[in-house]
Amino acid sequence: MLSVGAMGAGSVSYYANLAKEDYYNNEQEPEGVWLGTGAERLGLKGVIKEEELRNVFRGFSPDGERKLVQNAGKMTGEKSRDSGWDLTFSAPKSISLVAAVADEQTRQVIEKAHFAAIRDVMKEVENSTITRKGKGGKIYEKADIVCATFQHSTSRAVNNEFLPDMQLHTHVLVLNIGVSISDGKTRTIRSENFFNNQQLWGRAYRANLARNMTALNFECERVGDSFELKGVPKELIGEFSKRTEQVKSQTAGITDKAEKERVKLRGRTVKNSFNREELFKFWKEECAKQGFTAQTVLKLTDRESQTEKSIEIETQKCVEVAVSKLQAKQTLFTEKDLKFAVLEEATTHGIGSKNAEKGAAQFLKNRAIFAGERNGEKIYTTDQQAAAETKKFFAEKEAVEKAQFQSLSNFRKNLETDGYKVIGATFTNAKARDFQSKTGIKTATIRKTNAEIKKGFKHKTNAKRKILAEFKYATHQISKETRDKMLGQYHKPETKAINEFKYATWQISKNQRDFLNYQVEREQFKIDEKTVLILDAKISERNREIKTIISEIKNRGGKVITVSEILQANRQEQQTREAQANELSNAQEQTYTLNQQR
């Protein structure tokens with residue numbers, strides 16, 4: 001399992017304490033260690049020191065002498081920095097049980113297998129990590145990451161009546177500092193990938209862990225989208241899963257994954273201090289009551305040595321089984337669906353995540369049939385007839401959407417002919433770009449539109465320049481036109497293309513060009529009684545952003561109409577025209593019949 005959570009600026013003490021003490025009074029868990037190419041490039045290797053972690057957590061160099069990012073040290077207030085993200089990898093309960101009951105040597109081997117699986121996944125995480133540079137952060141590039149890892153052996157206690165369950169897990173703290181691959185500079189990193197790929201990386205971790213446990217001669221069996229070690233009693237797994245059952249109870253009835261994660265975090269109890277030696281003694285005694293001991297663990301691996309299997313053949317088998325199970329549930333699937341299915345099946349084939357994803361990619365390339373696109377994602381199948389039917393369905397759907405966008409474009413043109421300015425708003429940037437390209441309506445996200453409308457239209461002119469311009473104009477040293485030039489207000493905003501042409505041909509300065517481009521962008525959000533906002537979203541009283549944008553537009557005299565209302569009006573108009581055409585046709589037929597009778 002993989003959970004992802006943001007580390008608040010105020011949590012520096014909590015995470016820094018991990019570097020010097022654990023949840024136990026006496027013996028400590030394994031010391032925290034640095035991970036990631038970015039950490040190495042900053043000189044952070046081996047065991048984590050508390051002071052170094054505190055400094056890097058706050059955005060400074062390990063010695064605290066220099067800033068690594070612009071907002072270093074801003075740990076409070078509205079603009080406090082995002083310190084990083086806690087990626088917590090938890091082993092299946094059967095592995096935690098085996099590690100708790102086994103002898104010290106076996107436990108260490110299992111813990112190494114767990115950490116090796118994490119290390120492999122974090123390479124994928126690093127390869128997908130992005131930072132931004134340039135004016136406005138418009139240039140995206142890859143960056144190496146800085147991670148602090150801490151391994152623990154217990155879950156959180158459900159309440160004070162019970163000792164905590166065993167739960168082998170590792171906190172990987174991805175600090176908000178990326179080391180650019182191109183120029184070696186340090187910048188903050190983007191966090192979307194951590195949340196968007198949470199399920200993918202969680203499955204990759206389990207596939208790698210299963211591979212490592214298989215190499216230790218344990219046998220793995222699938223349980224849902226995860227796996228357990230064969231031979232570990234299910235009764236024991238249930239008995240030592242009190243925290244899991246508590247989370248299930250707290251999140252019952254919640255379907256939104258993000259909300260589930262928030263409820264889970266809110267429901268955490270504080271980890272109390274326990275004596276590590278006494279905890280392991282207690283766990284062993286409880287397991288021994290049900291006949292599960294260190295000797296039992298050894299017997300789990302005391303099976304006939306598995307013959308060396310061809311990874312290529314085993315990968316093919318894994319993909320075949322995964323596709324078969326996937327197609328039994330759904331005829332159509334996306335690349336993501338296939339990846340998930342193959343990674344889940346990989347836990348019983350011992351091939352790891354890299355081979356599983358490679359096998360899925362080869363299947364898509366060589367055997368899957370492309371059947372169209374849905375919400376921007378490519379759809380595949382293995383059935384020729386299903387592919388043909390799906391392509392027909394999507395073609396018809398595309399034709400309907402094209403007609404709808406044409407209706408919206410015509411609606412815009414009619415309003416603009418009557419002197420109105422038409423703008424659009426949607427929930428996401430991707431939808432905004434798509435909506436604008438297909439309708440010609442200047443569109444932004446609802447959030448950005450709200451922010452820009454509230455911002456107003458005051459242009460930030462250099463204070464000294466403004467005072468100088470006004471003084472020279474007031475003392476008749478310059479004309480009004482020259483003053484306006486100095487203030488960047490001499491040229492009226494046209495289009496960005498025209499502004500760029502004038503700049504390229506030396507008609508305006510760089511400052512004037514930037515100001516005019518700014519004016520062009522801002523003109524979209526200047527709201528008055530001749531403004532119509534087309535909202536590509538359902539109006540909901542519960543959605544604060546939608547309520548705000550409607551209020552802001554109407555308060556300034558503008559009008560708000562939804563896409564569904566426009567399309568509904570078009571349908572009604574079309575139905576009226578068809579009804580009128582039918583009436584006219586019937587009247588003509590009756591006239592013709594009467595003439596024939598005469």
Side-chain angles (χ1 to χ4, degrees), residues 1-2 89-102 106-121 153 165-170 199-238 240-241 244 287 292 294-326 338-360:
M1 175 184 172
L2 169 62
F89 294 86
S90 301
K93 182 60 70 174
S94 58
I95 293 179
S96 298
L97 270 162
V98 166
V101 171
T106 304
R107 181 190 304 145
Q108 289 179 7
V109 171
I110 292 172
E111 288 175 350
K112 286 180 181 178
H114 162 72
F115 191 74
I118 293 171
R119 193 170 54 239
D120 288 346
V121 174
S153 299
D165 298 327
M166 69 285 286
Q167 182 58 63
L168 176 61
H169 65 284
T170 296
Q199 293 186 61
L200 174 65
W201 291 335
R203 285 170 170 82
Y205 158 69
R206 292 193 290 272
N208 291 334
L209 180 57
R211 173 202 61 199
N212 296 345
M213 297 304 291
T214 302
L216 297 176
N217 221 28
F218 286 96
E219 188 174 358
C220 302
E221 56 184 358
R222 273 193 65 175
V223 177
D225 61 4
S226 185
F227 75 98
E228 297 289 357
L229 297 181
K230 196 170 184 179
V232 179
K234 293 180 181 178
E235 296 78 15
L236 271 181
I237 292 175
F240 286 99
S241 300
T244 301
C287 290
F292 195 75
Q295 288 70 34
T296 313
V297 172
L298 292 176
K299 288 181 181 178
L300 294 180
T301 61
D302 188 23
R303 56 193 182 111
E304 288 186 19
S305 183
Q306 303 299 297
T307 56
E308 190 70 27
K309 297 178 181 178
S310 164
I311 289 294
E312 186 176 347
I313 294 174
E314 203 61 30
T315 300
Q316 289 176 356
K317 286 181 182 178
C318 175
V319 173
E320 291 290 344
V321 175
V323 170
S324 176
K325 290 181 178 179
L326 182 61
L338 181 62
K339 267 188 181 181
F340 280 16
V342 176
L343 284 169
E344 289 168 12
E345 189 60 34
T347 57
T348 59
H349 291 265
I351 61 173
S353 65
K354 191 174 181 180
N355 289 310
E357 292 187 38
K358 183 179 177 182

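Values in this document were obtained by computation on a predicted structure and should not be read as measured data. Numbering of residues begins at 1 and proceeds along the displayed sequence.
Between atom OG of residue S94 and atom CE of residue M213 there is a gap of 7.5 Å, rounded to the nearest 0.5 Å. In this structure, I313 CD1 and I351 CD1 are separated by 12.5 Å, a value rounded to the nearest 0.5 Å. Atoms CZ and OG, from R107 and S153 in turn, are 7.5 Å apart once rounded to the nearest 0.5 Å. Here CG of L97 is found 8.5 Å from CG of D165. Values are rounded to the nearest 0.5 Å. Between the CG atom of L300 and the CZ atom of F218 there is a distance of 6.0 Å, given to the nearest 0.5 Å. We find the CG-OH distance between L2 and Y205 to be 9.5 Å, quoted to the nearest 0.5 Å.
The minimum heavy-atom distance linking A346 with A207 is given by the pair CB-CB, 4.1 Å. Nearest heavy atom pair, residue L338 against residue A360, reads CD2-O, 3.5 Å. Taking all atoms of both residues into account, the shortest heavy-atom contact from E357 to A204 is OE2-CB, 4.4 Å. Closest non-hydrogen pair, V342 versus C318, comes out as O-SG, 3.6 Å. Between N217 and T301 the shortest heavy-atom distance is ND2-O, 2.7 Å. Heavy-atom minimum distance, T214 versus C220: OG1-SG, 3.9 Å.
You'll find the side chain of S226 stays beyond 4.5 Å of the side chain of T347, heavy atoms only. Contact check for M1 versus Q167: no side-chain heavy atoms found under the 4.5 Å cut-off. Looking only at side-chain heavy atoms (C-beta outward), Q316 and V319 stay at 4.5 Å or farther from each other. With a 4.5 Å cut-off on side-chain heavy atoms, I110 and H114 do not count as touching. Residues H349 and T315 are not in side-chain contact: their nearest non-hydrogen atoms beyond the backbone lie 4.5 Å or more apart. Residues T106 and L216 have side chains not in contact (no heavy-atom distance under 4.5 Å, counting atoms from C-beta outward). Side-chain contact check for F89 versus I118: some heavy-atom pair is nearer than 4.5 Å.
Electrostatic pairing of D120 and K354 does not count as a salt bridge here, judged by no charged N lying under 4.0 Å from a carboxylate O. Salt bridge K93/E228: absent, no basic N to carboxylate O contact under 4.0 Å.
Relative to the ring axis of F227, R206 does not place its NZ or CZ within 45° and under 6.0 Å from the centre.
When the side-chain contact (heavy atoms from CB on, under 4.5 Å) test is applied to E219, the partners found at least two apart in sequence or on another chain are K230, R303.
Proximity of a side-chain donor or acceptor of R119 to a complementary backbone N or O of V121 within less than 3.5 Å is not detected.
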